Each structure stands twice: as C-alpha cells, then as structure tokens.
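Report on one structure; see the data block that follows.
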There are 2 protein chains.
Amino acid sequence: MPVIPSGALGALDPTSDRAVFRQIADQLREAIDKGRFSEGDKLPSETELVEHYGVSRMTVRNSLSVLQGEGLVFSEHGKGVFVRPRPPVRRLASDRFARRHREQGKSAFTVEADAAGSHPTVDNLEVKEERPSQDIATRLGGPRRVLARHRRYLLDGRPVEFATSYLPLDIARGTQIAEPNPGPGGIYARLEELGHRLDHFEEEIRARMPAPSEVRTLRLAAGVPVIHLIRTAFDTGGRAVEVCDTVMAADAYVLAYQLPAT
Amino acid sequence: MPVIPSGALGALDPTSDRAVFRQIADQLREAIDKGRFSEGDKLPSETELVEHYGVSRMTVRNSLSVLQGEGLVFSEHGKGVFVRPRPPVRRLASDRFARRHREQGKSAFTVEADAAGSHPTVDNLEVKEERPSQDIATRLGGPRRVLARHRRYLLDGRPVEFATSYLPLDIARGTQIAEPNPGPGGIYARLEELGHRLDHFEEEIRARMPAPSEVRTLRLAAGVPVIHLIRTAFDTGGRAVEVCDTVMAADAYVLAYQLPAT
DNA sequence: CAGTGGTCTAGACCACCGT
DNA sequence: CGGTGGTCTAGACCACTGT
C-alpha cells in the first residue's frame with residue numbers, strides 16, 4: 001500500500017546529471033520546506049521510499065543522511081525519521097552581566113531562564129585548581145595555575161551549554177569563589193567585593209561542528225553546530241580577572257549585542 | 001603493500017559494542033588530533049583502509065563520512081581524502097562600524113582585509129527595490145517595499161560571506177545609497193549626510209548548518225556551519241534606518257564584542 | 001593507464017519499537 | 001509479532017586525477 005501522501009513526493013528525473021540520492025534528498029527537503037511535512041512529522045519509512053522511487057535501500061538511506069547532516073531531520077531507531085522541530089531559543093542580551101542585574105542576587109542564567117518561564121538547572125559542578133591551557137593562560141596574563149569552575153546548564157532538563165570559568169589563584173584562592181556555591185550575584189559579585197570592580201567584558205564568538213565529547217555532553221542531534229564563546233572580564237585596573245569558556249548548542253541560542261556607533 | 005604509516009592506526013575491537021565504522025572513525029580522528037596526520041595530509045585511501053581493517057568498502061566510506069560531517073576532512077574526487085586545514089579567520093571587532101573608521105572613506109570590509117594583508121573583493125552586487133520578508137519589515141517598522149543591496153564578499157578569491165542591506169524607501173530612494181557604489185565610507189556615511197546620525201547598532205547572531213543554496217554561494221565544505229548575523233542600525237531619533245542580513249562561513253570568522261560592565 | 005573517490009545494487013542480520 | 005532504522009557485505013560501474 002502506498003502510504004506516501006499523494007503529491008508530496010514526485011518522480012526521479014533519469015535524464016538528470018544529479019545523483020539519485022540527491023534528487024530524493026531535494027524532494028524531501030522541498031516537501032519539508034513547503035510544509036507538506038511539518039515539525040515532528042514522520043517521513044515515509046525507508047521501505048516506502050524504496051518502493052516509491054524504485055531504488056535500493058542504501059540509496060534512500062544516503063538521501064536521509066544528507067538531510068540529517070543539514071539538521072533537517074532526526075531518526076529514532078525502530079520508530080522512523082522525523083522532521084526536527086525548532087527548539088525554543090534562549091536570547092543572550094549584551095547587558096546580561098550589567099551590575100544592575102547582578103545586584104539583584106541571582107545568576108545571569110537563572111534570571112533569564114525564569115524570565116522566559118523555563119526551569120533552569122546547573123549540573124556537573126566542579127571547582128578545582130588546574131594548569132590552564134596556553135590560550136587561557138595568555139588571556140589571564142600567564143599564570144601557571146588557575147582556579148577552574150566547570151559546570152553544565154540545562155533548561156527544562158535539556159543540556160544547552162557547558163562552561164568553565166578560569167580565575168587567577170591570587171584572586172580566587174581561599175575566597176567564596178573557590179566554593180561550589182559562590183553566593184548571591186555569582187562570582188562577579190564576589191570579584192567586586194574583593195576590590196576588582198569590573199570595567200568591561202570582551203567576548204569572542206566562533207561556530208563549528210561539535211567534537212564527539214561535546215555531542216555527548218549537550219546531547220546534540222546530528223547537524224547541530226556549537227557556538228563557542230570566550231569571555232574575558234577586565235577590572236577597572238585593566239587586569240583580566242576571569243576567562244569564561246562556553247560551548248553552547250547552537251539551536252538553543254541567539255546572541256544579541258548592542259554596539260555604539262561612535 | 002601496506003601503505004598506512006606504521007602505528008598510525010590500530011586494530012578493531014571485535015568485542016566492542018561500538019559499531020565498526022565508528023571505531024574506524026575514532027581511530028582516524030585520534031590520529032588527526034594527535035598530529036599523525038597533519039593539515040592537508042592525505043589519509044590512507046579507501047582501498048588501503050579496507051585492507052587494513054578487513055572490512056567492506058561501504059563501512060570505510062561510512063567512517064569517512066562521519067569525519068566529513070565533523071568538518072575534520074574533505075575529499076577530492078580522484079585524489080583522496082585530506083585533513084582539512086584551518087583557514088585563516090577574519091576577526092570582526094565590535095568597533096568596526098565606529099565613525100572614526102568610516103570617516104577614512106573605506107568600507108569596513110576593505111579596511112579590515114587590507115589590515116590583514118588579504119585581497120578583498122565584492123561580488124554579485126545587486127541593488128533594487130523589493131518587498132521585504134515579514135521579519136525584515138518588522139525590524140524596519142513595517143514598510144511595504146524597501147531598497148535592498150545584495151552583495152558577496154571574497155577574501156583572496158574565497159567567498160566568505162554574503163549580505164543584504166535593507167533600507168526604507170523614504171530614506172534611500174533617489175540617493176547615492178540606491179547606486180551600486182554608495183561612495184566613500186559606504187551607506188552609513190551617506191545616511192549620516194542625509195541627516196540620520198547613527199546612534200547604535202543591534203546585532204543578533206545565530207549559528208546553523210547551511211542550506212544548499214548557501215553551500216553553493218559560499219562554496220562551503222561539508223561540516224562547515226554558517227554564522228547568521230542580523231544587524232539593525234538606529235539613528236539618534238531611535239528609528240531603524242537599515243537592517244543588514246549577513247551569512248558567513250563559520251570557519252572564516254571570529255566575532256569579537258566588547259561589553260560594558262555597568 | 002592505474003588509482004582514487006562517487007554512486008548504486010541486492011541482499012543479510014540485528015536491535016529497537018509498538019501492538 | 002511486524003515494522004522500523006542500524007550495520008555490514010561483496011560486488012558493480014562510473015568520473016575524475018595523475019603519470
């Protein structure tokens with residue numbers, strides 16, 4: 001029985017130079033783009049596509065793997081291949097570290113999540129002294145060892161980012177910053193109490209495909225890149241007092257910045 | 001003859017639950033990470049890997065496609081599979097639209113490229129009036145039609161980004177902004193001459209896998225995401241006077257922002 | 001020309017899912 | 001249990017590359 005919605009998918013063009021698996025991928029992609037399959041919908045099964053197009057199963061699978069690589073669909077073993085829904089995105093505003101927010105005593109992540117009606121969680125918290133990578137050391141002015149605060153953030157149970165903050169030992173050792181819970185307002189509030197009044201932050205943003213370990217940590221679907229953000233905090237003396245290295249699931253974020261025109 | 005560098009790749013673990021093609025991909029990835037294959041190096045051919053591991057060719061190809069999806073390698077028909085080199089990245093500083101740069105008469109792209117010793121080119125320039133998408137219209141305050149300036153940027157011959165600027169017709173129509181060459185300092189200089197003194201910009205950043213048309217336009221390799229940047233320029237009256245929609249090859253860029261701590 | 005990757009076939013067995 | 005996707009085999013022919 002032909003279970004493919006009538007008209008949803010056309011026929012192959014045998015005269016075309018385009019590879020068969022690409023033609024099939026094109027037709028499926030177009031059907032998704034035009035809403036003939038909606039978010040969460042199940043695509044025709046591999047067997048159905050094999051019958052519809054009269055090709056071998058490997059060819060069909062090749063087509064589907066193209067769409068997976070583009071992040072358009074995901075597969076579930078024993079169930080089917082589905083159109084990937086666009087998850088809700090978290091918007092990071094450029095004033096998210098403004099003192100006025102900090103002074104209300106909550107962390108930036110928690111404040112935003114609450115505002116968006118989501119349930120935030122922090123996970124895998126680990127605080128320890130480490131030897132920093134060359135890059136981190138350079139940004140902090142070259143210390144041999146640093147305090148590292150590792151953690152993972154989840155939104156409604158979904159891991160969306162993991163991050164590590166690095167701080168010079170001469171600033172952080174023995175303070176509340178070296179405790180798992182740094183207290184109200186987070187480590188930036190503690191830094192200011194310790195006399196390091198914050199002046200500005202610098203952020204560097206890259207995007208790339210995730211390493212396998214990042215796929216596991218963020219439970220990333222195929223075809224989802226990561227945003228790699230490195231933020232350095234400077235005090236009013238011009239010293240770099242913290243570097244925060246963050247990897248985010250790109251489908252969960254939009255970053256917003258405001259730039260002066262002057 | 002075994003042409004695989006001795007010790008570069010190990011043997012399969014038949015007792016492992018991990019799929020054979022994943023084990024092979026893991027070993028190749030590790031060999032690349034550890035520098036046993038360097039940037040630009042050719043990996044062992046599919047035939048050599050088939051012989052080394054004693055598996056079928058499709059299994060080997062499956063392994064290689066995993067690495068391609070991660071952006072670690074690229075293939076050239078008839079030549080081989082190679083370790084993908086990290087291309088030089090272009091750094092976009094958050095002050096790149098500062099008035100002091102604009103007043104020197106060059107566009108932001110040209111100034112930066114020259115500074116980096118690269119040869120910049122602009123391509124596929126097209127200026128016309130259009131009906132804006134819902135999103136663009138909303139950002140500009142809801143005009144029915146806008147002036148659109150499409151173009152593509154190349155660095156040393158490589159396409160790295162394409163962009164479209166949208167401006168309200170009541171501002172741009174009939175001015176030099178509607179000409180292919182907007183003159184020294186670019187459209188922002190013209191906007192200020194027209195009385196729209198710029199106050200600030202807002203930028204929104206997303207990362208995702210490219211659509212097929214973006215792969216073509218930017219000649220993207222497999223496993224390279226794009227950075228999607230939407231910038232809105234506001235004049236001192238608080239009006240949005242331009243929206244620039246930019247898609248960048250993510251492997252060619254690092255974005256840098258400076259945020260106040262106040 | 002021989003060697004490379006690109007495409008495709010026609011099977012096979014397995015693990016997972018829901019009924 | 002039947003249907004689904006996950007893995008793998010052992011071929012085949014092709015197009016592209018370099019010598």
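Source: prediction; values computed, not measured.
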5' to 3' contact window, DNA chain D with chain A (heavy-atom distance under 4.0 Å)
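Contacts span D:dG3 to D:dC8, reading 5' to 3'.
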May I have the distance from B:L67 (atom CG) to C:dG5 (atom C1'), rounded to whole angstrom?
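Spelled out: CG on B:L67 to C1' on C:dG5 is 15 Å.
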Would you mind reading off the distance between B:R57 atom CZ and C:dT4 atom P, rounded to a whole angstrom?
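These atoms are roughly 10 Å apart.
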Taking atom types as modelled and ignoring hydrogens, do the side chains of B:R151 and B:S165 form a donor-acceptor contact shorter than 3.5 angstrom?
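Checked: B:R151/B:S165 side chains pair up, N/O donor to acceptor below 3.5 Å.
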B:E51 and B:T47: side-chain donor and acceptor closer than 3.5 Å?
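The answer is no; no qualifying pair exists.
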Counting C-beta onward and ignoring hydrogens, is there a side-chain heavy-atom pair between A:D13 and A:R18 closer than 4.5 Å?
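Sidechains of A:R18 and A:D13: no contact.
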Mind listing the residues from residues 77-86 of chain A sitting with a heavy atom below 4.0 Å of DNA chain D? Number order is fine.
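When residues 77-86 of chain A is checked for heavy atoms under 4.0 Å from DNA chain D, the hits, listed by number, are A:H77, A:G78, A:K79, A:G80, A:V81.
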Hey, does A:R22 reach any base, or is it just sugar-phosphate, or nothing, if we go heavy atoms under 4.0 Å?
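A:R22: backbone/sugar contact only, no base atoms under 4.0 Å.
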Heavy-atom pair with the smallest gap, counting every atom of [X] and [Y]:
X      : Y      : value
B:Q27  : B:G10  : OE1-N, 2.9 Å
B:G69  : A:M209 : O-CG, 3.6 Å
A:R149 : A:P182 : NH2-CD, 3.5 Å

With B:E214 via side-chain contact (heavy atoms from CB on, under 4.5 Å) - residues at least two apart:
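Counting only residues at least two positions away or on another chain, B:E214 forms a side-chain contact (heavy atoms from CB on, under 4.5 Å) with B:F162, B:R208, B:P210, B:A211, B:V226, B:V247.
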So which one's nearest nucleotide on DNA chain D is more toward 5', B:E76 or B:R18?
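The answer here is B:R18.
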Please work out whether the ring planes of B:H150 and B:Y166 are parallel, tilted or perpendicular, with thresholds of 30° and 60°.
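The arrangement is perpendicular - the two ring planes meet at more than 60°.
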